[in-house]
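Have a look at the structure below, then the notes.
Treat the numbers as computed from the prediction; the structure is a model and nothing was measured.
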Amino acid sequence: MSITNKSLLPSEVAEAMRNDAVGRRLELLRIALERSPSEMADSLGIERTYWSRYEKGRQGLSDSVAALLTIRYGVTLDFLILGRWDKLPVDLAEKMRAA
């Protein structure tokens, strides 16, 4: 995801949106779902290298993959992009916190 003027964002929001921060949350989600990186990629219909790049923070998460994650796994965009845990389904949040 890209934003035209990150200076308008509070620093904690800009920090949460960094590719590496999003990648850490993607890794937590994957571990909570008990899936391998290749299983995540296959379930989303994306190249396996793309998932790896997202999770390692080398590439920003695409809007379409973010939307698929919300549809398939119940994770929220607030969590994926902003790191907000409060609107996640309780069982998913508990699994990710345990990861």
Side-chain angles (χ1 to χ4, degrees):
M1 298 200 144
S2 66
I3 191 157
T4 55
N5 191 348
K6 287 189 179 187
S7 66
L8 295 176
L9 296 172
S11 61
E12 66 275 4
V13 172
E15 188 69 25
M17 291 177 64
R18 289 174 34 129
N19 290 348
D20 60 326
V22 173
R24 282 191 299 275
R25 291 190 292 276
L26 291 174
E27 181 181 24
L28 284 176
L29 174 64
R30 178 181 58 75
I31 292 168
L33 296 171
E34 299 178 350
R35 295 193 177 221
S36 69
S38 58
E39 289 172 324
M40 286 299 289
D42 293 348
S43 75
L44 297 167
I46 62 173
E47 295 290 327
R48 292 176 178 184
T49 56
Y50 286 175
W51 180 264
S52 177
R53 289 179 199 153
Y54 294 148
E55 195 173 296
K56 292 181 188 321
R58 293 186 190 136
Q59 181 174 337
L61 185 62
S62 74
D63 295 343
S64 58
V65 172
L68 276 172
L69 288 165
T70 66
I71 293 165
R72 299 236 168 101
Y73 300 112
V75 68
T76 64
L77 289 175
D78 278 351
F79 173 76
L80 292 174
I81 307 307
L82 302 173
R84 295 182 179 156
W85 291 75
D86 59 323
K87 293 187 175 104
L88 282 174
V90 173
D91 61 328
L92 185 57
E94 287 175 356
K95 286 180 183 177
M96 282 193 279
R97 283 193 172 104

Completion exercise
When every non-hydrogen atom of Pro89 is compared with those of Gly74, the smallest separation belongs to CD-O, 3.3 Å
Practice task
Kindly write out the residues that satisfy salt bridge (Lys or Arg N to Asp or Glu O under 4.0 Å) with Glu15, not counting sequence neighbours, or none if the list is empty.
Solution key: Arg18
Handout entry: Sole candidate of Thr70, Asp63, Leu82, Leu69 that passes side-chain contact (heavy atoms from CB on, under 4.5 Å) when paired with Leu77
Key = Thr70
Fill in the blank from the handout: Quick note, ring pair (Phe, Tyr, Trp, His ring centres under 6.0 Å) partners involving residues 32-57, not counting sequence neighbours, are none
Atom pairs and distances, donor-acceptor, side-chain atoms in residues 34-44, under 3.5 Å, two or more places apart:
{"unit_1": "Arg35", "atom_1": "NH1", "unit_2": "Tyr73", "atom_2": "OH", "d": "3.3"}
{"unit_1": "Ser36", "atom_1": "OG", "unit_2": "Ser38", "atom_2": "OG", "d": "3.1"}
{"unit_1": "Ser36", "atom_1": "OG", "unit_2": "Glu39", "atom_2": "N", "d": "3.1"}
{"unit_1": "Ser36", "atom_1": "OG", "unit_2": "Glu39", "atom_2": "OE1", "d": "3.4"}
{"unit_1": "Glu39", "atom_1": "OE1", "unit_2": "Ser36", "atom_2": "N", "d": "2.7"}
{"unit_1": "Asp42", "atom_1": "OD1", "unit_2": "Arg48", "atom_2": "NE", "d": "3.1"}
{"unit_1": "Asp42", "atom_1": "OD2", "unit_2": "Arg48", "atom_2": "NH2", "d": "2.7"}
{"unit_1": "Ser43", "atom_1": "OG", "unit_2": "Glu39", "atom_2": "O", "d": "3.4"}
{"unit_1": "Ser43", "atom_1": "OG", "unit_2": "Met40", "atom_2": "O", "d": "2.8"}
{"unit_1": "Ser43", "atom_1": "OG", "unit_2": "Tyr73", "atom_2": "OH", "d": "2.5"}

Donor-acceptor pairs are to be reported for all side-chain atoms of residues 91-99 against protein atoms at under 3.5 Å, with residues two or more places apart or in another chain.
none

Problem - Over all atoms of both residues, closest heavy-atom pair of Leu61 and Ala66 - result: CD2-CB, 3.8 Å
Practice task
Check salt bridge (Lys or Arg N to Asp or Glu O under 4.0 Å) between Arg84 and all other residues, then give those that pass, not counting sequence neighbours.
Solution key: none
Exercise for the section: List for me each residue that meets ring pair (Phe, Tyr, Trp, His ring centres under 6.0 Å) alongside Phe79, sequence neighbours excluded, and say none if there are none. Expected result: Trp85
Fill in the blank from the handout: CG of Asp78 to NZ of Lys87, rounded to nearest 0.5 Å, is 5.0 Å
Practice task
Kindly write out the residues that satisfy side chain to side chain donor-acceptor pair (under 3.5 Å) with Arg25, not counting sequence neighbours, or none if the list is empty.
Solution key: none
Practice task
Go through the steps for Ile81 and Met17 under the test side-chain contact (heavy atoms from CB on, under 4.5 Å), then give the verdict.
Solution key: CA-CA 6 Å; Ile81 307 307; Met17 291 177 64; 4.0 Å; yes
Problem - For Ser64, side chain to side chain donor-acceptor pair (under 3.5 Å) partners two or more places apart - result: Ser62
Fill in the blank from the handout: Scanning both residues in full, the closest heavy-atom pair of Val22 with Leu80 reads CG2-O, 3.5 Å
Exercise for the section: To the nearest 0.5 Å, tell me how far Asp20 CG sits from Glu55 CD. Expected result: 12.5 Å
